[in-house]
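Working notes, structure below.
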Amino acid sequence: MIPSADSAIGHLDEEGCLQNVLWPLYAIDSKKSKFPCCLVWAPLPVVSWLAPFIGHIGICREDGSILDFSGSNLVNVDNFAFGRVARYFQLDRRQCCFPPNLSAHTCKQRYYHHEYGTAISWDDALRTSMNHYESKSYNLFTCNCNSFAANCLNRLCYGGSMSWNMINVAALVLCKGKWVDGVSILRSFMPFLLVLCLGVYMVGWPFLVAWLSFSSLLLAWFIVGTYIVKDMLDC
(Lines give C-alpha, C1' and ligand atoms only; values in the text may rest on other atoms or scores of the structure.)
Protein backbone atom coordinates (compact mmCIF):
# COMPACT_ATOMS: atom_id res chain seq x y z
CA MET A 1 0.00 0.00 0.00
CA ILE A 2 1.23 3.48 -0.82
CA PRO A 3 1.20 6.12 1.92
CA SER A 4 -1.18 8.99 1.29
CA ALA A 5 0.32 12.05 -0.36
CA ASP A 6 -0.96 14.58 2.19
CA SER A 7 1.23 13.14 4.97
CA ALA A 8 4.03 15.47 5.99
CA ILE A 9 7.53 14.55 7.05
CA GLY A 10 8.94 16.46 10.01
CA HIS A 11 11.76 18.93 9.69
CA LEU A 12 15.04 19.47 11.48
CA ASP A 13 15.31 22.42 13.82
CA GLU A 14 18.41 24.59 14.16
CA GLU A 15 20.04 22.18 16.61
CA GLY A 16 19.47 19.23 14.30
CA CYS A 17 16.72 17.68 16.43
CA LEU A 18 13.83 16.06 14.68
CA GLN A 19 10.56 17.71 15.69
CA ASN A 20 6.96 17.10 14.73
CA VAL A 21 7.78 14.00 12.71
CA LEU A 22 4.70 12.86 10.88
CA TRP A 23 5.27 9.44 9.39
CA PRO A 24 3.43 8.74 6.12
CA LEU A 25 0.01 7.20 6.48
CA TYR A 26 -1.23 4.19 4.58
CA ALA A 27 -4.21 4.63 2.30
CA ILE A 28 -7.73 4.25 3.67
CA ASP A 29 -8.98 0.68 3.26
CA SER A 30 -12.71 0.51 3.97
CA LYS A 31 -12.85 -3.23 3.27
CA LYS A 32 -10.46 -3.87 6.16
CA SER A 33 -11.99 -1.05 8.24
CA LYS A 34 -8.72 0.88 8.30
CA PHE A 35 -9.12 4.66 8.37
CA PRO A 36 -5.82 6.28 9.42
CA CYS A 37 -6.30 9.49 11.46
CA CYS A 38 -10.02 9.67 10.65
CA LEU A 39 -13.23 10.39 12.44
CA VAL A 40 -15.66 7.60 11.54
CA TRP A 41 -19.45 7.41 11.85
CA ALA A 42 -22.11 4.70 11.71
CA PRO A 43 -25.90 4.83 12.29
CA LEU A 44 -27.27 3.66 15.63
CA PRO A 45 -30.01 1.02 15.76
CA VAL A 46 -33.45 2.51 16.54
CA VAL A 47 -32.04 5.95 17.49
CA SER A 48 -30.90 6.76 13.94
CA TRP A 49 -34.21 5.44 12.59
CA LEU A 50 -35.88 8.38 14.34
CA ALA A 51 -33.04 10.91 14.18
CA PRO A 52 -30.68 10.17 11.26
CA PHE A 53 -28.34 12.98 12.27
CA ILE A 54 -27.39 10.99 15.39
CA GLY A 55 -24.91 8.14 15.08
CA HIS A 56 -21.91 6.45 16.64
CA ILE A 57 -18.52 8.14 16.24
CA GLY A 58 -15.02 6.76 16.59
CA ILE A 59 -11.54 8.15 16.04
CA CYS A 60 -8.71 6.21 14.44
CA ARG A 61 -5.05 5.69 15.17
CA GLU A 62 -2.33 6.32 12.63
CA ASP A 63 -2.43 2.65 11.61
CA GLY A 64 -6.17 2.94 10.90
CA SER A 65 -7.44 1.06 13.98
CA ILE A 66 -10.74 2.46 15.28
CA LEU A 67 -11.17 3.53 18.90
CA ASP A 68 -14.71 4.15 20.13
CA PHE A 69 -16.24 4.75 23.55
CA SER A 70 -19.23 2.42 23.49
CA GLY A 71 -20.06 1.59 27.10
CA SER A 72 -19.19 2.31 30.70
CA ASN A 73 -15.45 1.78 31.27
CA LEU A 74 -15.16 0.45 27.72
CA VAL A 75 -13.22 1.82 24.76
CA ASN A 76 -13.23 -0.61 21.84
CA VAL A 77 -10.08 -1.11 19.81
CA ASP A 78 -10.56 -2.12 16.18
CA ASN A 79 -14.04 -3.45 16.93
CA PHE A 80 -16.46 -0.69 15.96
CA ALA A 81 -19.51 -1.15 18.16
CA PHE A 82 -22.34 -0.69 15.64
CA GLY A 83 -21.21 -2.37 12.48
CA ARG A 84 -19.22 -1.15 9.51
CA VAL A 85 -18.23 2.46 9.08
CA ALA A 86 -20.66 4.42 6.90
CA ARG A 87 -18.96 7.79 6.81
CA TYR A 88 -15.46 9.09 7.51
CA PHE A 89 -13.46 12.30 7.57
CA GLN A 90 -9.68 12.23 7.49
CA LEU A 91 -8.01 14.73 9.80
CA ASP A 92 -4.77 16.55 9.01
CA ARG A 93 -2.04 15.92 11.60
CA ARG A 94 -0.32 19.13 10.53
CA GLN A 95 -3.16 20.98 12.27
CA CYS A 96 -2.25 19.39 15.62
CA CYS A 97 0.07 20.68 18.32
CA PHE A 98 2.63 18.15 19.62
CA PRO A 99 4.76 20.13 22.10
CA PRO A 100 7.68 18.40 23.88
CA ASN A 101 7.59 21.25 26.41
CA LEU A 102 5.65 24.44 27.20
CA SER A 103 7.88 26.68 25.08
CA ALA A 104 7.50 24.47 22.00
CA HIS A 105 3.75 24.87 21.55
CA THR A 106 2.71 25.70 18.00
CA CYS A 107 -0.83 26.64 19.05
CA LYS A 108 -1.96 29.94 20.56
CA GLN A 109 -3.45 28.30 23.63
CA ARG A 110 -0.27 26.90 25.10
CA TYR A 111 -1.15 27.36 28.78
CA TYR A 112 -4.69 26.01 28.48
CA HIS A 113 -3.45 23.19 26.27
CA HIS A 114 -0.69 22.34 28.73
CA GLU A 115 -3.15 22.33 31.63
CA TYR A 116 -5.67 20.19 29.70
CA GLY A 117 -3.04 17.64 28.74
CA THR A 118 -0.79 17.50 25.70
CA ALA A 119 0.65 14.68 23.61
CA ILE A 120 3.85 14.09 21.69
CA SER A 121 2.13 12.25 18.85
CA TRP A 122 -1.31 11.45 17.41
CA ASP A 123 -1.42 7.97 18.94
CA ASP A 124 -0.15 9.28 22.27
CA ALA A 125 -3.14 11.66 22.49
CA LEU A 126 -5.60 8.86 21.68
CA ARG A 127 -3.96 6.53 24.20
CA THR A 128 -4.22 9.14 26.97
CA SER A 129 -7.88 9.85 26.20
CA MET A 130 -8.57 6.12 26.07
CA ASN A 131 -7.09 5.65 29.55
CA HIS A 132 -9.19 8.57 30.79
CA TYR A 133 -12.46 7.18 29.40
CA GLU A 134 -11.90 3.65 30.63
CA SER A 135 -13.06 4.93 34.02
CA LYS A 136 -16.10 6.83 32.69
CA SER A 137 -19.77 5.84 32.79
CA TYR A 138 -21.43 5.89 29.38
CA ASN A 139 -24.63 7.87 28.82
CA LEU A 140 -26.11 8.65 25.42
CA PHE A 141 -27.18 12.12 26.53
CA THR A 142 -24.26 13.32 28.64
CA CYS A 143 -21.11 11.22 28.15
CA ASN A 144 -20.88 9.36 24.87
CA CYS A 145 -18.74 8.51 21.86
CA ASN A 146 -18.76 12.13 20.68
CA SER A 147 -17.36 13.21 24.05
CA PHE A 148 -14.46 10.78 23.64
CA ALA A 149 -13.63 12.01 20.12
CA ALA A 150 -13.85 15.63 21.31
CA ASN A 151 -11.49 14.86 24.19
CA CYS A 152 -8.96 13.46 21.72
CA LEU A 153 -9.19 16.53 19.46
CA ASN A 154 -8.81 18.90 22.41
CA ARG A 155 -5.75 16.99 23.58
CA LEU A 156 -4.36 17.42 20.05
CA CYS A 157 -5.51 21.07 19.97
CA TYR A 158 -6.71 20.19 16.49
CA GLY A 159 -7.07 23.21 14.23
CA GLY A 160 -5.73 25.38 17.06
CA SER A 161 -8.99 24.88 18.97
CA MET A 162 -9.61 23.64 22.51
CA SER A 163 -13.38 23.93 22.11
CA TRP A 164 -14.24 20.59 20.55
CA ASN A 165 -17.49 19.12 21.87
CA MET A 166 -20.31 16.69 20.98
CA ILE A 167 -21.92 19.04 18.49
CA ASN A 168 -19.00 20.34 16.44
CA VAL A 169 -17.43 16.87 16.26
CA ALA A 170 -20.69 15.44 14.87
CA ALA A 171 -21.08 18.43 12.52
CA LEU A 172 -17.54 17.93 11.19
CA VAL A 173 -18.27 14.33 10.19
CA LEU A 174 -21.80 14.96 8.90
CA CYS A 175 -20.94 18.07 6.90
CA LYS A 176 -17.47 17.20 5.57
CA GLY A 177 -17.37 13.42 5.83
CA LYS A 178 -17.34 11.08 2.84
CA TRP A 179 -19.61 8.08 2.39
CA VAL A 180 -17.83 4.74 2.20
CA ASP A 181 -20.18 3.52 -0.57
CA GLY A 182 -23.78 3.63 -1.76
CA VAL A 183 -24.83 0.83 0.58
CA SER A 184 -23.75 3.00 3.52
CA ILE A 185 -26.12 5.75 2.39
CA LEU A 186 -29.01 3.28 2.19
CA ARG A 187 -28.12 1.77 5.56
CA SER A 188 -28.13 5.24 7.12
CA PHE A 189 -31.35 6.65 5.66
CA MET A 190 -33.57 3.78 4.51
CA PRO A 191 -34.80 2.79 8.02
CA PHE A 192 -35.59 6.43 8.80
CA LEU A 193 -37.55 6.89 5.56
CA LEU A 194 -39.48 3.65 6.15
CA VAL A 195 -40.38 4.66 9.73
CA LEU A 196 -41.38 8.15 8.55
CA CYS A 197 -43.55 6.89 5.70
CA LEU A 198 -45.13 4.17 7.84
CA GLY A 199 -45.84 6.66 10.62
CA VAL A 200 -47.47 9.17 8.29
CA TYR A 201 -49.49 6.39 6.62
CA MET A 202 -50.78 4.93 9.90
CA VAL A 203 -51.12 8.05 12.07
CA GLY A 204 -51.20 10.87 9.58
CA TRP A 205 -49.61 14.30 9.82
CA PRO A 206 -49.62 14.30 13.65
CA PHE A 207 -46.82 11.74 13.42
CA LEU A 208 -44.73 14.20 11.42
CA VAL A 209 -45.43 16.93 13.98
CA ALA A 210 -44.44 14.55 16.80
CA TRP A 211 -41.24 13.60 14.97
CA LEU A 212 -40.29 17.25 14.42
CA SER A 213 -40.95 17.98 18.09
CA PHE A 214 -38.83 15.01 19.19
CA SER A 215 -35.93 16.03 16.90
CA SER A 216 -36.13 19.66 18.03
CA LEU A 217 -36.09 18.71 21.71
CA LEU A 218 -33.13 16.39 21.16
CA LEU A 219 -31.14 19.08 19.37
CA ALA A 220 -32.11 21.66 21.99
CA TRP A 221 -30.85 19.36 24.77
CA PHE A 222 -27.40 19.02 23.21
CA ILE A 223 -27.15 22.72 22.27
CA VAL A 224 -28.20 23.95 25.72
CA GLY A 225 -26.01 21.39 27.49
CA THR A 226 -23.00 22.20 25.33
CA TYR A 227 -23.10 25.96 24.90
CA ILE A 228 -25.35 27.38 27.63
CA VAL A 229 -25.15 25.14 30.71
CA LYS A 230 -21.64 23.88 29.92
CA ASP A 231 -21.15 21.76 33.03
CA MET A 232 -24.28 19.74 32.18
CA LEU A 233 -22.50 17.66 29.55
CA ASP A 234 -19.03 17.86 31.04
CA CYS A 235 -17.66 14.33 30.77
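If you're wondering where the values come from, they're calculated on a predicted model, not measured in any experiment.
The shortest side-chain heavy-atom distance between Asp63 and Asp123 does not fall under the 4.5 Å cut-off. Here the side chains of Val180 and Arg84 are not in contact, with every heavy-atom distance at 4.5 Å or above. For the pair Trp164 and Asn168, the minimum side-chain heavy-atom distance is below 4.5 Å. When side chains are defined from C-beta on, Phe192 does not count as touching Ser48, because their heavy atoms never get closer than 4.5 Å. Between Ile57 and Phe69, every side-chain heavy-atom pair lies at or beyond the 4.5 Å cut-off. Within the 4.5 Å cutoff, the side chain of Glu62 has no heavy atoms near those of the Trp23 side chain. Side-chain contact between Thr142 and Trp221: present, with at least one pair of heavy atoms (C-beta onward) separated by less than 4.5 Å. In this structure, the side chains of Tyr26 and Pro24 stay at 4.5 Å or more apart for every pair of heavy atoms.
Under the salt bridge (Lys or Arg N to Asp or Glu O under 4.0 Å) criterion, no residue pair touches residues 128-148, with sequence neighbours excluded.
In the hydrophobic cluster analysis, where Ile, Leu, Val, Met, Phe, Trp and Tyr join through side-chain heavy atoms closer than 4.5 angstrom, Tyr88 is grouped apart from Val183. Side-chain heavy atoms closer than 4.5 Å link hydrophobic residues (I, L, V, M, F, W, Y) into clusters, and following such links, even through other members, never connects Leu186 to Val195. No continuous path of hydrophobic side-chain contacts links Leu140 to Leu74 [ILVMFWY only; heavy atoms under 4.5 Å]. Cluster annotation: Val173 is connected to Ile185 through the hydrophobic network of ILVMFWY side chains, with a link wherever side-chain heavy atoms come within less than 4.5 Å. Residues Leu212 and Phe53 share a hydrophobic cluster, clusters being chains of Ile/Leu/Val/Met/Phe/Trp/Tyr side chains in contact below 4.5 Å.
The backbone N or O of Leu174 lies less than 3.5 Å from a partner atom in the side chain of Arg87, making a donor-acceptor pair. In this structure a side-chain-to-backbone donor-acceptor pair under 3.5 Å is missing from Asp68 to Gly58. The main-chain N or O of His132 is found under 3.5 Å from a side-chain atom of Ser135 such that the two form a donor-acceptor pair. Panel note: side chain Ser137, backbone Ser72; no donor-acceptor pair is recorded below 3.5 Å. Under a 3.5 Å cut-off, the side chain of Tyr133 and the backbone N or O of Ser147 do form a donor-acceptor pair.
Contact detail for Ser188 and Ala86: the closest heavy-atom pair is OG-CB, 3.8 Å. Listed here is the closest heavy atom pair of Asn144 and Tyr138: CA-CE1, 3.6 Å. For the pair Pro52 and Trp41, the tightest heavy-atom approach, listed with the atom from each and the gap, is O-CZ2, 3.7 Å. Heavy atoms only, all atoms of each residue included: Leu67 and Arg61 are closest at CD2-NE, 3.9 Å. Taking both residues in full, the closest heavy atoms of Ser65 and Asp78 are given as CA-OD1, 3.7 Å, listed atom of the first, atom of the second, then distance. Counting all heavy atoms, side chain and backbone alike, Pro99 lies closest to Ile120 at O-CG2, 4.4 Å.
With values rounded to the nearest 0.5 angstrom, Leu196 atom CG is found 14.5 Å from Trp49 atom CH2. Atom NZ of Lys178 and atom OG of Ser184 lie 14.0 Å apart (nearest 0.5 Å). The structure places CG of Asn154 at 13.0 Å from OG1 of Thr118, a figure rounded to the nearest 0.5 Å.
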Inset, instruction - Under the side-chain contact (heavy atoms from CB on, under 4.5 Å) rule, what do Val40 and Cys60 come out as? Steps first, then yes or no, please. - result: CA-CA 8 Å; Val40 293; Cys60 304; 3.8 Å; yes
Inset, instruction - Would you please test Asn146 and Phe222 for side-chain contact (heavy atoms from CB on, under 4.5 Å) and show each step? - result: CA-CA 11 Å; Asn146 292 41; Phe222 287 115; over 6 Å; no
Inset, instruction - Start with the C-alpha gap between Asn151 and Arg155, add the side-chain angles, then the distance that decides, and say whether side-chain hydrogen bond (donor to acceptor under 3.5 Å, both in side chains) holds. - result: CA-CA 6 Å; Asn151 185 276; Arg155 207 172 293 279; 3.0 Å; yes
Legend entry - Tyr227 vs Asn165, side-chain contact (heavy atoms from CB on, under 4.5 Å): CA-CA, chis, key distance, verdict: CA-CA 9 Å; Tyr227 295 109; Asn165 54 54; 3.5 Å; yes
Inset, instruction - Test Leu208 against Trp205 for side-chain contact (heavy atoms from CB on, under 4.5 Å), laying out the working first. - result: CA-CA 5 Å; Leu208 190 59; Trp205 293 111; 3.4 Å; yes
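Between Tyr158 and Trp122, the two ring planes are perpendicular [angle over 60°; tilted spans 30° to 60°].
Checking Ser70 against Asn76 by side-chain atom types alone, a donor-acceptor pair falls below 3.5 Å.
Between Phe189 and Trp179, a ring centre-to-centre spacing shorter than 6.0 Å is recorded.
By the neighbour-count criterion of 12 heavy atoms within 6.0 Å, atom CH2 of Trp211 is densely surrounded, having more than that number from other residues, nucleotides or ligands.
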